[in-house]
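Shown next, in structure tokens, is the structure this report addresses.
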Amino acid sequence: MKYNFREIEKKWQTYWAKNQTFKAENSSDKPKYYVLDMFPYPSGAGLHVGHPLGYIASDIYARYKRHKGFNVLHPMGYDSFGLPAEQYAIQTGQHPAITTATNIKRYREQLDQLGFSFDWSREVRTSDPKYYKWTQWIFIQLFNSWYNKRSDKAESITSLMAVFEKEGNINIQAACDEDTPVFSSEEWKGLSASEQQQLLLKYRLTYLADAEVNWCSALGTVLANDEIVNGVSERGGHPVIRKKMTQWMMRITAYAQRLLEDLDNIDWPQPLKDAQTNWIGRSEGASVTFNVIPSKDVEALEATGDVATSRTSVSHKIEVFTTRPDTIFGASFMTLAPEHELVDKITAPEQKAAVEAYVEATTKRSERDRLADVKTISGVFTGAYAEHPFTKARIPVWIGDYVLAGYGTGAVMSVPCGDQRDYDFAKHFNIPIPNIFEGVDISEEAFADKGNTIIANSDFLNGLDYPQATRKVIAALEEIGQGKGKINYRLRDAVFSRQRYWGEPFPVYYDSQGMPQMLPEACLPLELPEVEKYLPTETGEPPLGNASHWAWNTETFEVVANTSVDYATVFPLELNTMPGWAGSSQYFNRYMDPGNEAAIFSPEAINYWQDVDLYIGGSEHATGHLLYSRFWQKFMYDRGWAPKKEYAKKLINQGMITGMSAFVYKDQDKNVLYSKSLTVGKEVIPLHADVTLVNSSDELDIAGFKTFRPEFQDAEFVLEEGKYVVGREIEKMSKSKYNVVNPDQICEDYGADSLRLYEMFLGPLEQSKPWNTAGITGVHSFLKKLWKLYRSVDDSTPTPEHLKTLHKTIKKVEEDIENFSFNTSVSTFMICVNELTAQKCTSKAVLEPLAILVSPYAPHIAEALWEGLGHTESIAYEPFPQFEEQYLVESTKEYPISFNGKMRFTLELPLDMDKAGIEAAVLAHDRTAKYLEGRTPKKVIVVPGKIVNIVG
RNA sequence: GCCGAAGUGGCGGAAUUGGUAGACGCGCUGGAUUCAAAAUCCAGUGGUAGCAAUACCGUGUGGGUUCGAUUCCCACCUUCGGUACCA
């Protein structure tokens, strides 16, 4: 009987669905194991062969764990809010929900045909009100929480209010806004309700703030830093500018230190941890306050030369952050960011025009321009001076765009001898460069090596190295009240508002004072309303401003809010929606109890499943989803809802499968296309050709190409050796590059099992690799051979050779799966089948366990073979075979040999060989003999199966 | 610039703690089968020299450690990711 993969795969997919073979229960005698994939955004283009790579790997592991006796949770869902569906709605008017539903249906068909063992009964969709009810719920919890730095966790806002009542905020240590004033219990009580709310906003974990945001006018929305690539939007590549807007923010910075520290406790790829570490960007140093000398005093100072007079009339303070407080005596100027709030206040009248012109020029420059020419040094003197905290010398205050408003305090003390940017700036504007390092030449460049520093010309720091000087100067600064040790993070609070339609609505309304209020939980979900059009309103409101009717639980709201007025007008609702990462930040926990309508998940469910054991997905989410979700998890942990600080023990980044694009070369001026090697010395424009029009020897189907691109109907094709040869280049798989290979066609031609095996066979899971369909015949013919092997199975006793082949395979496959080296186990299967075929093995005792081994990789054929062996149940839960060493050493035994603890090699020796024989064999070993020449070993120590020590 | 990953046949890639480099697959060559093709099966396939046995050279480059290095150390080159004036 022929290997009819179409029939087999269809049959077993139906069987699994019908019998709910992979449904996971929330309790079991078996140990639990949770295998998670990053759920996809269902795009209109459907899946290409690159998408399932991680899903195949996780499916193999999930199936393997079932064979190993675990209760496996392996869910799948859709991250179904997002921009493309909305853009499509703007263009066509079709509601994003319809687009999304259609796309999901298509995704589901494609996923189903690959034979994944997902528990579909737990599917979630982030755009489903039943799901986003809980996204809104988390938002409310964040709003009702503050971060207590003493207990180092998030706590309920009511505990903070209780403290305010009692003693104000004098003893509170919290993650809060920089500008939070100090107040007493009396002052607090004296405030109006909305003034109190205003203050509380400074503490809440999600808060409303005027933030400098990345505004993309083409998309009509703000973007997070990780949604911007090279200064343009990740989606669409539109320009992005800085703009101040009132936005919902997430106080992720409260968790900066814990997000950093806990990286040590999770088994995630080092490059990904490094990316998060850099993104959080912890730097240790000091904050130092410089007093600005009022400009009227400056002239007096110059006249008298009396530095001390300025002490009495200090007005403004400049706070800076520095990682090198030890170099404070080398500070010869200060630089403020052009956006710094003091710029207006301290600029001297005679410099006003120049400063204003400079500020104007910088704000006009787009982020992109600023990035493009980082090498140009620019800046302007403010005419103001600050006073050195120790020497009391006057230091000129400059502004320069190399100082960023968004980092630290937006101001630096410039130490040209110790920092290259300060050095370049000083050189450019002829500012003195005092040298404060012992025995270092700074005539050409700054000296920034803090490991080799001995401080000089620095008063009480002379002769100290970096750590000593740092400690001493911080102590001195604290003493005079002009600074302290400080840890600064690059991580910013996350902007959480998007001016889009297709996202989660905020469960927020604004009261008569304009203060944000959370909807009562009973009103959730606040459903996304219907709108006439998906663009901003005429008044510039986000698309939700077009909504006339909001679908929310009005009755409940009336009861809870105790009002029966027409709140839709009295209480305006928040019109922004949440960003893409909102829905994906707790989905892994929702899978544990997806149908729960009373809670995001039950305590029983999360206490049973705890956390994800294995998470597989792309590394592109390193500083987005994978950071935000860790943040929310820690919040859920702090508030007692989740039992684990980290939600994923182990994470693997699967590599990208790239496409092999094909190019034709058009003459720049004429309608002539040159074959690849004829382009030398010609001005040609490379154009993408559809890869399906190119055969395996890179020859273009010219007739097909003319149909594909009719504008070349009459073009002249210049051939080489009678062929038009295309150029090849490896690029990301994308519709626009015409290099997409579709899994449907491959399933049709070779079957899902072949595709699964081949995707694994392509190379190491974590490596990116180009797709090349040609090689699939290899794994496909392996499956055919496997099928053939099971044609005549009998109860014959396996020979030692059969058993050796089998157990060798068991051992290798198990090791490979545990190490995620799926590519090499496919090779192992091929070797196994070739050997068993050559050995004419028909023994059920060998073929039965082999079917189980193959089952995680090629589940359909494994089920069919299993059935052929006379079983009536699915193979999915059969115990994984155990290998036995004895079968591997049937005829010979391998002795790894260690010589003087140094020399090591492996000898294959007969099992019954005695010591003398082994010694002789060791001496006969040619490489050993070479070394042993002239040195007679006294004895050979044999530890069976382990080590042979030759003592010379 | 900084951080990270990786360089092995014509191609994708194997190689346990340092121990016969190139497993397995693709491709290619030759053969069997066939009227012919597809499919299948068998043999060969890193380079150079040689009829051959065999010899020499070979894991990005140059050094080093070692009886022995794809593997460990140092320097450099290249490619790919991430990040970018972070004080």
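Being a predicted model, the structure only gives us computed values, none of them experimental. Naming convention: chains lettered A, B, ... in sequence-line order (proteins, then strands); numbering from 1 in each chain.
- Using a 4.0 Å heavy-atom distance criterion, A/Ser619 is classed as making no nucleic acid contact.
- Within the nucleic acid shown, A/Pro764 comes within 4.0 Å of sugar-phosphate atoms alone, with no base atom in reach, counting heavy atoms only.
- No donor-acceptor pair closer than 3.5 Å links the side chain of A/Ser287 to the backbone N or O of A/Gly483.
- For the C1' atoms, the distance linking B/A84 with B/C77 amounts to 24 Å, nearest Å.
- Comparing the P positions of B/U20 and B/U70 gives a spacing of 10 Å, expressed to the nearest Å.
- With both pairing distances under 3.5 Å, B/G9 is matched to nothing as a Watson-Crick or G-U wobble pair.
- Looking at which nucleotide of RNA chain B each of A/Tyr407 and A/Asn278 is closest to, the 5′-most match is held by A/Asn278.
- Contact between the side-chain N/O atoms of A/Ser283 and the OP1/OP2 oxygens of B/A87 is found at a separation under 4.0 Å.
- When the side-chain nitrogen and oxygen atoms of A/Lys784 are compared with OP1 and OP2 of B/U40, one or more of them lie within a distance under 4.0 Å.
- Within 4.0 Å (heavy atoms only), A/Glu815 reaches no atom of the nucleic acid at all.
- At whole-Å resolution of the value, NZ in A/Lys788 and C1' in B/C41 are 8 Å apart.
- Counted by atom type alone, A/Thr409 and A/Glu319 present zero donor-acceptor pairs between their side chains at under 3.5 Å.
- Listed candidates were B/C3, B/G25, B/A84. Nearest to the side chain of A/Met830 is B/G25.
- OP1 and OP2 of B/G27 both lie 4.0 Å or more from every side-chain N or O belonging to A/Asn772.
- The side chain of A/Gln270 contributes no N or O atom lying less than 4.0 Å from OP1 or OP2 of B/A5.
- Here the separation of B/G47 from B/C35, taken at their P atoms, is 37 Å to the nearest Å.
- Residue contacts shown for A/Asn823 are limited to sugar-phosphate atoms, with no base heavy atom under 4.0 Å away.
- Straight-line distance from the CD1 atom of A/Ile776 to the C1' atom of B/C11: 17 Å, rounded to whole Å.
- Nucleic acid contact class of A/Asp422 (heavy atoms, under 4.0 Å, all strands): none.
- Taking syn as a glycosidic angle within 90° of 0, B/G27 does not qualify and is anti.
- The side chain of A/Arg492 contributes no N or O atom lying less than 4.0 Å from OP1 or OP2 of B/C86.
- Here the nucleotide nearest the side chain of A/Val412, chosen from B/A87, B/A23, B/A14, is B/A87.
- When heavy atoms are screened at a 4.0 angstrom cut-off, A/Lys785 is found touching the sugar-phosphate backbone but no base atom.
- The same atom, P, is picked in B/U45 and in B/A36; the two are 29 Å apart, to the nearest Å.
- In this model, no donor atom of one side chain and acceptor atom of the other lie less than 3.5 Å apart for A/Thr253 and A/Tyr489.
- When all heavy atoms of A/Glu284 and A/Arg282 are compared, the closest pair comes out as OE1-NH2, 3.0 Å.
- We find the CZ-CE distance between A/Phe290 and A/Met334 to be 4.5 Å, quoted to the nearest 0.5 Å.
- With values rounded to the nearest 0.5 angstrom, A/Asn823 atom CG is found 12.0 Å from A/Leu757 atom CG.
- Across the P atoms, B/G46 and B/G63 are found 28 Å apart, a figure rounded to whole Å.
- Residue A/Lys769 places its side chain closer to B/G13 than to any other of B/A23, B/A87, B/G13.
- Taking atom P on both nucleotides, B/A21 is separated from B/U16 by 13 Å, rounded to a whole Å.
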